Structure formats: structure tokens, C-alpha cells
Amino acid sequence: MASSPKFLLISLLFLIFFISETLGQSENATRTKCTSSYGNGCHNKTEAFKLKLIAIASILVTSMIGVTLPILSRAVPALQPDKDLFVIVKAFASGVILATGYMHVMPDSFDCLRSECLPKNPWRKFPFATFVAMLSAIVTLMVDSFALSYYKKRCCGGGTVESGKQVMDGHVESQSFGHCHGNGFDGLVDVEASQLLRHRVIAQVLELGIIVHSVVIGLSMGASENPCTIRPLIAALCFHQLFEGMGLGGCILQAAYGIKTTAIMVFFFSSTTPFGIALGIGLSNVYSDNSPKALIVVGILSASSAGLLNYMALVDLLASDFMGFKLQKSMKLQIWAYCAVLLGAGFMSLMAKWA
């Protein structure tokens, strides 16, 4: 699993390079034709820059708090992954991630790809946003499936039983990664080891989707010079990152990563939105949020992120837990978990008014 941080780093660098190269080439004629409307005299570059600096610091801190809370909760017995309270908190966070995809990211994609600043044919004659989101969900399923198969083969392909170490409750527990005979899947794979691999794949893919839309959100804020828009966005994004971080942190906790990998994943989640804001500030002189290239790039990235987040929330987080043994054996716990999902999704849906 050492390749996980490298994969996230390469993905982030590619995304930043792609955005910088594409959005840095917006045509001047288009910028004149379709420019952002600030209205009410709310165009103040100096004030907006101060607010962006505040946003970078506050979002960085709240992101770190959100993603580390579940990880640090392993010291609290009631919040261990096998306890009922953890299931309820994770259901709440899963509802937040689900609402992020449907209520925040997907509408942004519709706004971008159906903008009046794009040619009517083909952008307003074909539902590109939902098409890209659908493809993204299918690709996420493929990555989910292939990654799990790859790690199972890597663990069991040598014809010997491999063992790993899992740190839980401050103690190191030995865990078998499979019982294999010869090559491939000729033996039975240990259920707990398979579940651990599943949690690790979920954590990596979920973080990748969060990174994509975090950079896009940060880029939009960083390029804006409208204090009236930025001011409410700061509070909204802080809450957004806090609860989304709790969802990701719960997945990282269940993945039982080592300290180094956990720290790297926490760093990526916490820094991508502030870095996106800094990138937007750097590109503000050449970036127009209503230029065709910007609309297409941001729209496609938002749709891709929405498809990924919706798939992960419904399939890997909610369905996996609600169809699992723990919730299936307790109707009362199921009801509480559903209430937590609705609460998380409802709360994040209300935030869509500001962000």
C-alpha cells in the first residue's frame, strides 16, 4: 500500500497542471463577451485578497480538525469502529458526502456546462453533466473492483501465507492476509483481511474524488474578486470541510493505515482547498470563470467528482454498512443510522444556499 501516497500526489499534480495550462489560455475576446458580474459595487480586489488569506487559514484548520477527529477517536472506547456510536457518526458523515455530490458538485456542473457563454450546439442540446457523472461512476466501480483484485493477488500470488500488522487500540495485532495454495485464488481468502483491503481501496478512491472537487472549489474562490461572494463562502466551506473530513477520517481509521500513510492522506485532504485558493489567486489575471475553456474544464471535473462521490457514498459507504451484519441484526440501530444519514444530508443540503 506504499503506492497510495504516490498515486494521490501524481493525481494532484496532473490535475493542477491540466487546470493551469487550460485555464491560462482563455481568449481575451471571450473574456470581454462573458465576464463575471459583480454588481452592487462589490468588486474590491484588496478586500477580496484579505478574505482569501483568512479562508486559506480557516479552511486548513477546520479540514485538519475534521479529518483527524475520527482518527484520534480510537482512544475513546465508545468511538471504536465496532461500536454503535461509530456506526451512527459514520452514517452522518456518509450523508454529508452524499449531499456534497448531489447538492453541491452536480449543480455546479450543470451551471458550467449549460452556460449561455458556451455554444448552444452541443452544450445545451445534450446533458453532458449527467453523462460525465454516469461515466465517472462506472469508472469508479472499475477502479474499485480492479484495485481490490490487484491487492488480493499481490497478497496471495506468492503461494505463501503473508501476514500484516494492524494497529488498533494502541496495540499491534497480527492479521493474516490470506490462505493461498499455489498461485492466484486457489485458496480461501481470510474475511477480515479482505475487508481491510476493501476499506483501504475505499479510503483511497474517496480521497481522490474529494481532492478533485476541493481544488475546483478553491480555484473558483481564489479567482473571485467579489468580497460579497467570498465572505459567506468561508463559513460554508469550513463546515463543508469539517464534516466531509469526518467521513474521510472514518474511512482512513477503518483502513488501519500506518502513521506515515495516514499523515500523508490527512495532509492531502487538508491542503487541497487552500492550495486551490492559492492557485486561483495566481491565475486571477488570466482566469475568467465564464470563459468557455474554464466552464468546460470546471464543469467536466465537477461532474466527474459528483459521479465518484455519489457512487462512493451510496455503494461503498451506505450500502456496505446497511447491508452488513451489524446493522442487519439490529432494527433499532438501523433507524438511528437512517436518521443520522438524513440529518447529515439535510444539513449539507442547507449549506448549498451559500456554497
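Small disclaimer: the values here were computed from a predicted structure and weren't measured.
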request  = For residues Cys251 and Leu206, report the shortest heavy-atom separation together with the two atoms involved.
outcome  = SG-CD2, 3.8 Å
inquiry  = Can you confirm whether more than 12 heavy atoms, excluding those of Met134, are under 6.0 Å from its CE atom?
reply    = yes
query = Can the ring centroids of Phe92 and Phe243 be said to lie less than 6.0 angstrom from one another?
reply = yes
query = Should Asp84 and Lys326 be marked as a salt bridge (Lys or Arg N to Asp or Glu O under 4.0 Å) after you check the CA-CA gap, both sets of side-chain angles, and the distance that decides it?
reply = CA-CA 9 Å; Asp84 291 351; Lys326 188 173 184 64; 3.1 Å; yes
message = Less than 3.5 Å apart, any donor N or O on the side chain of Glu244 or His104 sitting next to an acceptor on the other?
response = no
key: Taking every non-hydrogen atom, the tightest pair across Lys52 and Ala223   = NZ-C, 4.3 Å
query = Counting only heavy atoms not in Phe347, do more than 12 fall under 6.0 Å of its CZ?
reply = yes
message = Within a 6.0 Å radius of atom CZ on Phe322, are there more than 12 heavy atoms belonging to other residues, nucleotides or ligands?
response = yes
task = With Glu207 as reference, evaluate Ile210, Ile211, Val205 under the side chain to side chain contact (heavy atoms under 4.5 Å, CB included) test and give the passing residue.
result = Ile211
query = So, do Gln241 and Ser214 sit near enough that their side-chain heavy atoms are less than 4.5 Å apart?
reply = yes
key: Any donor-acceptor N/O pair, Tyr257 side chain to Arg200 backbone, under 3.5 Å   = yes
task = Answer yes or no: is there a side-chain heavy-atom contact under 4.5 Å between Leu237 and Ile217?
result = yes
inquiry  = Between Lys45 (side chain only) and Glu225 (backbone N and O only), is there a donor and an acceptor less than 3.5 Å apart?
reply    = no
inquiry  = Can you confirm whether His213 sits close enough to Asp108 that some side-chain heavy atom of one is under 4.5 Å from a side-chain heavy atom of the other?
reply    = no
task = Would you give the length of the straight line joining atom OG1 of Thr272 to atom CG of Leu60, rounded to the nearest 0.5 angstrom?
result = 10.0 Å
ask   = How long is the gap from CG on Leu141 to CD1 on Ile138, to the nearest 0.5 Å?
value = 8.0 Å
query = Just wondering, do Tyr311 and Ser136 contact through their side chains at under 4.5 Å, heavy atoms?
reply = no
request  = Quick one: pull up CD1 in Ile54 and CZ in Arg231 and give me the separation to the nearest 0.5 Å.
outcome  = 9.0 Å
Min side-chain heavy-atom separation Phe269-Ile252 under 4.5 Å = no
request  = Please examine the side chains of Thr140 and Val315, heavy atoms only from C-beta on, and report whether any two atoms are closer than 4.5 Å.
outcome  = no
inquiry  = Counting C-beta onward and ignoring hydrogens, is there a side-chain heavy-atom pair between Ile264 and Phe268 closer than 4.5 Å?
reply    = yes
Distance, nearest 0.5 Å, that separates OG of Ser320 from NZ of Lys90 = 6.0 Å
task = Compare all side-chain heavy atoms of Leu98 with those of Ser94 and state whether any distance is below 4.5 angstrom.
result = no
inquiry  = Nearest 0.5 angstrom please: Trp123 CH2 to Cys112 SG, how far?
reply    = 11.0 Å
ask   = So with a 6.0 Å cut-off around CZ of Phe126, is the heavy-atom count from everything else above 12?
value = yes
